[in-house]
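A short write-up of the structure that comes next.
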Amino acid sequence: MDLILVNLIDGLVTGLLLFMLSAGLTLIFSMMGVLNFAHASFYMLGAYFAYQISLALGFWMGLLIAPLIVGVLGAGVERYGLRRVHQYGHVPELIFTFGLALLIEELVQFLWGKNQMPYDIPEVLNFTAFAIAGNSIPAYKIFMIFISVGIFIGLLYILTKTRVGMIIQAALSYPRTVEALGHNVPLVFMGVFGVGTALAGVAGVIAGPVLGTFPGMAFVLGSIVFVTIVIGGLGSLWGALVASLLIGWITTFAKSYNVRMEDVLNGIGISTPTNLDDNLFRDFWTITSPQIADILPYILMVLILIFRPYGLLGKRDA
Amino acid sequence: MLKTTKFGVATALALVMSTSAAYAETIKIAFIDPLSGPFASTGTNGLHQFEFAAEKMVNEAGGVLDGDMFEIVAFDNKISPKESLIQLQVAIDQGIRYIAQGNSSGVANALTEAIDKHNRRNPDDRVLFLNYAAVDPALTNDKCNFWHFRFDANADIKMDALTDVMAKDESLKKVYIIGQDYSFGKAVAAAAVANLEAKRPDIEIVGNELHPIGKVKDFTPYSRKIVSSGADAVITGNWGADMLGLGKSVIENGFEGPIYTYYAAGSGITGAFGESGKDRIRLIAQGEINPIATEEARQMYIAFKEKYPDGNIDQSRIFNVIGMLAEAINEAGTADDVVAVATALEGMEYESMWGGKLFMRPQDHQLIQDMHVHVHTNEGVEFDYDNSGFGVVTESSVTMAAMDSPTTCNMRRP
């Protein structure tokens, strides 16, 4: 019972982190209709910039400045890269972002090397917030939860309650009309792209110390972010939130409990073959849930694509 | 005009031919390991050590045979067995006779099989497999072949030495085993269970688990299970990013006991653990770094730090690979006939600058050497890792570990 609560918190942290990444990605998709393959690379840049800044000015300045730099870089990529490629259609755009992802990874390796950076949790937050039945919850996790929830509320407020948000939403659906009304739509696009990448930067800053700051960090998280927005529904902010939390909890619980495939199959009435060692499906029978925990989101995505192709909360038909 | 061109071409050709004759030949060693992706740092650091060892121990000492130089040619296998086989073929096509690989026993299993096949079918351009770190016991047992030489102790030998140390700790009652889900992780787990049962039947194994290799983003759920199992100690064979992720997460989430590992040092791991892992992380490895074994090793390490200020010598066995290969080539009198070189390597005894005598056991091509249990600390550290002030200090040693251990190897010789 206690462990359930601990796992709920751990899953929440994973889910919210994923949300910060997928929120930006899904916004950019709904705006430009293009999947930004380099999104996770901006997350990595956030972590590396923050590490470099934290060496000189401390963690908090890193948290403040690094996302700004990443956001400006992102806006620059949109203004001088994507916008030029846009006229040639979606495929060149995809290829452009894909190339950018590779470029950023190489650049990071070139500048910082291939080793893991000693980017650590700040001293102030390096203590145990509380413990549930011997399982300590680090204060840093609580901090991560607050930052992500704060960002979500802020984003939601801007998008739904402010004038800027209204223009963005209008520009997403009817760009030509909004342009005819005298608004600078390309500027809106650039702004959204910048904010989206800055969000990924924030995620990198706060995830770097716990998940490790190394050149493979974008690769490790890259594919799961796409899975998240596909499950949530492309272009839906709420969908991204629901899908992120769902993935966070599914993977956490699958890893925490050793559910064996044998038990599941026995449970639905299939009995274990007598001679398992010679059985063709031996590997299948001996699977445990921690082994497949990280594949579960992909299985979920396939199921979603089959039964609800527009995602959990997506609006557009596939 | 035409005549001058012809003359020019002829002189140029003659010049090229004479220069190539004047220089001694280079002996190429293909280094097939991950140079990109999650395990890039481990692979790249290994490559640096190979290049440095070849440069210092062979080339600057005048080379082997008649001044033949060693050259390390790097191939990125992205830790994939499939990619490795492609790179192996490229290396063979380039006329390379020596293949060095170490990261991932999955890759090593694929390579040793492919090399065995290749050598049987192409007796004219056979190659040798110098395995410097893949420690799946099967490689020198059921799957052994004449072309494969392992310079690291295998998982069983390491676990034997590691559990010797653990068995002395009377307070140890519960142990948790966790590893990467592939042949090596399984071998470590099996060896740990067998050894603990034999040496300390009173120790309860409260968890025995595998996780996907290189894919886990967050180890928190695993750490939760370890903490709630009430384990006094953790055993893991993890390496690279998986080692660091697991170790950090376990410590952060409230685990208090020691963590017994195979590879928790260097490549940024020592630096990232820092204070949090002090006196808690132990690792079993060959080679003594602190205190350093010989003066020669000290000079070598200092020179290495000059060339790679951010690097570490965290796989000193690489220097043994180069040293023993050079000696074998000299003894065989040829670098082209790998059968002669392999025969010279078999049963070779070699004094390692990193301490102790090495013996390449002829029946299975497993190198027998001293094993040491190191502790991660910042006290008594002459050569730290990752410039962090922290390093590994030798705590206890087993001389010529597993010298008489049995092997199921039934080697077919050419």
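Below, all heavy atoms of this structure are taken into account, side chains as well, without hydrogens, waters or symmetry copies.
- To the nearest 0.5 Å, atom CG of residue B/D218 and atom CG of residue A/D294 are 10.0 Å apart.
- Heavy atoms closer than 4.5 Å to chain B are found nowhere in A/T128, neither backbone nor side chain.
- Neither the backbone nor the side chain of A/F253 has a heavy atom closer than 4.5 Å to any heavy atom of chain B.
- Residue contact with chain B, scored on non-hydrogen atoms closer than 4.5 Å, involves the side chain of A/I121 exclusively.
- Considering CG of A/D10 and CZ of B/F219, their distance stands at 14.0 Å, rounded to 0.5 Å.
- Residues B/E209 and A/T288 form no side-chain contact, since every pair of their non-hydrogen atoms from C-beta on lies 4.5 Å or further apart.
- By the neighbour-count criterion of 12 heavy atoms within 6.0 Å, atom NZ of B/K305 is densely surrounded, having more than that number from other residues, nucleotides or ligands.
- Between the CD1 atom in A/I9 and the CZ atom in B/R224 there is a gap of 8.0 Å [rounded to 0.5 Å].
- For B/T44, the part lying under 4.5 angstrom from a heavy atom of chain A is the side chain only.
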### Query
Given A/D120 and B/K248, is the side chain to side chain contact (heavy atoms under 4.5 Å, CB included) satisfied, shown in steps?
CA-CA 11 Å; A/D120 276 325; B/K248 277 192 99 168; 3.2 Å; yes
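- In this structure, A/K255 and B/V216 have side chains that are in contact, with non-hydrogen atoms separated by less than 4.5 Å.
- Residue-environment remark: CD (B/E113) stays at or below the threshold of 12 foreign heavy atoms within 6.0 Å.
- Heavy-atom distances place no part of B/I269 under 4.5 Å from chain A, backbone and side chain included.
- Of the two parts of A/P138, only the side chain, counted from C-beta on, holds a non-hydrogen atom closer than 4.5 Å to a non-hydrogen atom of chain B.
- Heavy-atom distances place no part of A/E106 under 4.5 Å from chain B, backbone and side chain included.
- Only the backbone of B/D310 comes within less than 4.5 Å of a heavy atom of chain A; no side-chain atom from C-beta onward does.
- Here the side chain of A/T252 pairs no donor or acceptor atom with the backbone of B/P221 at under 3.5 angstrom.
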